[in-house]
Amino acid sequence: MTPGAKANQSGRILETNVEAILTAYEYFQIGTHVTKEYLLNASLLKKRYAKQVYIGNGVYQTSLKVDFYVVGLPLNPSELIIECKWQESGGSVDEKFPYLNLNIQQYYPAPTIVVIGGEGMREGAIKWLRQQVNFNHNLLAVHTLDRFIAWANKTFGVA
């Protein structure tokens, strides 16, 4: 398996874990590679999500897709975007954090949580992204998978 293929597989495993948490809290997947409008109009299911959701154009005026778009949270606003970023060994994922942060701040239509995993991200990059929560009104948090589980238990577990 090539290094790129291995990285993609590891990233999918992180996304599968996030999806398992959504499913455990009775969120239903309504599609993959759908538009935000399709997801928002699927109102028969109160608690729903879609993967790889097209949300519009971003910083470079190119198409933006988010990993998860969740609707029906027991919070206000009731929508949430979840982005998953995995880096097992040295690479470029953490170098893309400024681009991600700017898109979240200027183009994402809902509050966003970034779930990070792997041991290959530079500590300085993770620290920088976490600091952006203080400056980016749309970036709610940057969590490792275990911290995301704790957050989900408090947030999704609200009746």
Side-chain angles (χ1 to χ4, degrees), residues 1-2 4-88 91-94 96-97 99-118 120-121 126 129 133 136 138-158:
M1 184 178 291
T2 67
K6 188 175 182 180
N8 286 337
Q9 180 182 27
S10 297
R12 281 192 303 275
I13 291 170
L14 177 61
E15 290 175 12
T16 299
N17 278 279
V18 169
E19 189 169 13
I21 294 163
L22 292 172
T23 302
Y25 282 103
E26 300 178 350
Y27 286 81
F28 295 94
Q29 181 182 357
I30 64 151
T32 301
H33 300 287
V34 299
T35 64
K36 175 187 73 158
E37 292 74 24
Y38 178 83
L39 173 65
L40 295 178
N41 288 327
S43 58
L44 291 177
L45 292 171
K46 181 181 177 197
K47 293 168 59 173
R48 60 196 183 277
Y49 71 95
K51 299 188 316 187
Q52 297 303 313
V53 176
Y54 171 73
I55 60 168
N57 289 336
V59 173
Y60 301 142
Q61 295 306 304
T62 56
S63 295
L64 278 180
K65 288 185 179 179
V66 297
D67 292 329
F68 295 93
Y69 200 118
V70 184
V71 176
L73 274 76
L75 304 171
N76 190 9
S78 65
E79 299 171 23
L80 177 71
I81 293 172
I82 303 170
E83 290 282 23
C84 299
K85 300 299 175 197
W86 181 270
Q87 185 70 53
E88 187 61 38
S92 65
V93 166
D94 56 9
K96 298 173 185 170
F97 285 168
Y99 173 78
L100 174 65
N101 181 62
L102 192 56
N103 276 317
I104 291 170
Q105 186 174 42
Q106 294 183 6
Y107 296 99
Y108 279 33
T112 302
I113 290 179
V114 178
V115 180
I116 58 172
M121 293 183 203
I126 296 169
L129 186 59
V133 171
N136 183 340
N138 233 8
L139 181 59
L140 294 182
V142 178
H143 291 307
T144 58
L145 182 59
D146 60 330
R147 294 307 316 146
F148 177 72
I149 293 169
W151 177 87
N153 288 340
K154 290 180 208 166
T155 304
F156 297 154
V158 175

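Computation of the quantities below employed the complete heavy-atom set of this structure, encompassing side-chain atoms and omitting hydrogens, waters and symmetry-equivalent molecules.
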* The single option from Ile82, Asn101, Leu139 passing side-chain contact (heavy atoms from CB on, under 4.5 Å) against Val114 -> Leu139
* Side-chain donor or acceptor of Gln61 paired with backbone N/O of Gly58 under 3.5 Å -> yes
* Asked: Just by distance, with hydrogens left out, do Lys51 and His33 show a side-chain donor and acceptor under 3.5 Å apart?
  -> no
* **Nearest atoms (heavy-atom pairs only) where Thr35 meets Val53** => C-CG1, 3.8 Å
* To do: Take Tyr107 and Ile55 through the test side-chain contact (heavy atoms from CB on, under 4.5 Å) and record every step on the way to the result.
  => CA-CA 8 Å; Tyr107 296 99; Ile55 60 168; 5.6 Å; no
* Do the non-hydrogen side-chain atoms of Val70 and Ile81 ever get within less than 4.5 Å of each other? -> no
* Determine yes or no for a side-chain-to-main-chain donor-acceptor pair under 3.5 angstrom, with Glu83 supplying the side chain and Asp67 the backbone. => yes
* Asked: Which pair of heavy atoms, one from Val115 and one from Leu14, lies closest together, and at what distance?
  -> O-CD2, 3.7 Å
* Asked: Say you draw a straight line from OH of Tyr49 to CD1 of Ile30; how long is it, rounded to the nearest 0.5 Å?
  -> 10.5 Å
* Spell out, as yes or no, whether a donor-acceptor pair under 3.5 Å connects the side chain of Thr112 to the backbone of Ala110. => yes
* **Distance, nearest 0.5 Å, that separates CG of Leu73 from OH of Tyr25** => 12.0 Å
* Quick check: are there more than 12 heavy atoms from other residues, nucleotides or ligands sitting under 6.0 Å from OH of Tyr99? -> yes
* **Pairwise distance CG(Asn17) to CH2(Trp86) - rounded to 0.5 angstrom** => 8.5 Å
* Drop me the distance from Phe28's CZ to Leu44's CG, to the nearest 0.5 angstrom. => 12.5 Å
* Pairwise distance OH(Tyr54) to CG(Leu39) - rounded to 0.5 angstrom -> 15.0 Å
* Examine Lys47 relative to Tyr27 and say whether NZ or CZ is less than 6.0 Å from the centre of the six-membered ring and inside a 45° cone about the ring axis. => yes
* Asked: Closest heavy-atom contact between Cys84 and Val18?
  -> SG-CG2, 3.8 Å
* **Side-chain heavy-atom pair Val71, Leu40 within 4.5 angstrom cut-off** => yes
* Around atom CD of Glu26, are there more than 12 heavy atoms of other residues, nucleotides or ligands at under 6.0 Å? -> no
* Would you confirm whether Asn138, through its side chain, and Pro109, through its main-chain N or O, come within 3.5 Å as a donor-acceptor pair? => no
* Asked: Is the Trp151 ring parallel, tilted or perpendicular to the Phe156 ring (thresholds 30°, 60°)?
  -> perpendicular
* Do Leu100 and Tyr108 come close enough that some side-chain heavy atom pair is under 4.5 Å? -> yes
* Distance in Å, Met121 CE paired with Leu129 CG, rounded so as to fall on 0.5 Å steps -> 9.0 Å
* Asked: What are the two closest heavy atoms between Ile21 and Ala152, and how far apart are they?
  -> CG2-CB, 3.6 Å
* **Close side-chain approach of Arg48 and Gln29, heavy atoms under 4.5 Å** => no
